[in-house]
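Please read the structure below before turning to the comments.
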Amino acid sequence: MKGRVAVVTGSTSGIGLGIACKLAAGGADLLINGPGDARANEALCREIAKVYGVRVVFGAADLSNAEEAIELIGHATDAMGRIDILVNNAGIQPPDSALTSAAKQWDVTIAINLTAVWLTIRAVLPQMLERRWGRIINVAPMCRADAENKSAAQASKYGVIGLTKDVAVDLAGCGVTCNVICPGWVPSPHVSTISNDAKGANDRRPKTRRKTPVGELQLSYELKAPDQLGSLAAFLCSDAAAQVNGVALPVDGGWFGR
Ligand code: NAD
């Protein structure tokens, strides 16, 4: 991946940070993105750059805002000269239901989880197509009928899988691939928003573990998950994965296999 430039959205924590670090470990220069304290984010950039010996810049785009999502791609291209890899990882999962969800919350969830994915893909594609090389990786849960109280998140993530397949088919043969990585249960700030606090995330663990065939081993899976998801992303960015296109790859300890 040396010489490649990757943009990873929502990469200041959790799965996005795990993916960003694996791409950096492979030699890719990075733009990382996320909300939060500017000084802390700049410090994170310096740390990743020091550990992996790559160039790292920060893009503070709020992906609920369409203009900022498009500008993120422009900013990364200006700062790094090019973008070869786009990882759409940013996402939120506020608790809601189709009956009670407020329209504003629905709109924000769809904007971050789905519209920003479309906008960044649309903004980055011209340069990837010109060079006839690009990797687009989206992150979405393998949607399940048993998801509870997540109507906007479910709707948006189904949309991400559909969009991914559409982009992959449209671009087949152009040197650009588009795939989805589908994590299982990964404790992260995102998961804690399901119940609005970390205790809620912990309360969900036993239930999730029962559903996951690896069972108690799930704990060790949890601890390694961002790293493992990052390794899969790195594989998808390799030339060996040139024919892997338009697929949703579960990394969920066998949960979806049930
Ligand atoms: P996380 O909360 O650590 O990561 C989400 C990231 O998105 C954060 O870095 C956050 O800053 C960023 N983000 C949120 N709103 C944003 C905005 N308006 N603009 C820019 N960035 C924004 O949680 P995570 O679990 O690492 O989630 C990462 C992705 O993985 C999400 O898309 C989520 O749907 C998906 N996922 C997570 C799990 C899980 O169990 N954790 C399972 C399946 C899928």
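For clarity, every value in this text was computed on a predicted model and none was experimentally measured. Every number for a ligand or one of its atoms is a count from 1 in the order of the listing.
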Of [options], which has the heavy atom at the shortest distance from [atom]?
atom: atom 11 (O) of ligand 1; options: A153, G34, A60, P35; answer: P35
atom: atom 14 (C) of ligand 1; options: N41, N65, I92; answer: I92
atom: atom 37 (C) of ligand 1; options: I15, V186, V87; answer: I15
atom: atom 31 (C) of ligand 1; options: N89, L229, V139, N88; answer: N89

Exercise: do [X] and [Y] side chains pair donor with acceptor under 3.5 Å:
X: T9; Y: N89; value: no
X: T164; Y: N179; value: no
X: T177; Y: N245; value: no

Consider ligand 1: state whether an atom of it lies below 4.0 angstrom from any non-hydrogen atom of [X].
X: A61; result: yes
X: T9; result: no
X: M142; result: no

Quiz item: Under 4.0 Å from any heavy atom of N33, which atoms of ligand 1 are there?
Solution: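 Every atom of ligand 1 under 4.0 Å from some heavy atom of N33: 20 (C), 21 (N).
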
Practice problem: Flag S13 as yes when one of its N or O atoms lies below 3.5 Å from any N or O atom of ligand 1, and as no otherwise. | Solution: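 N/O-N/O distance under 3.5 Å: yes.
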
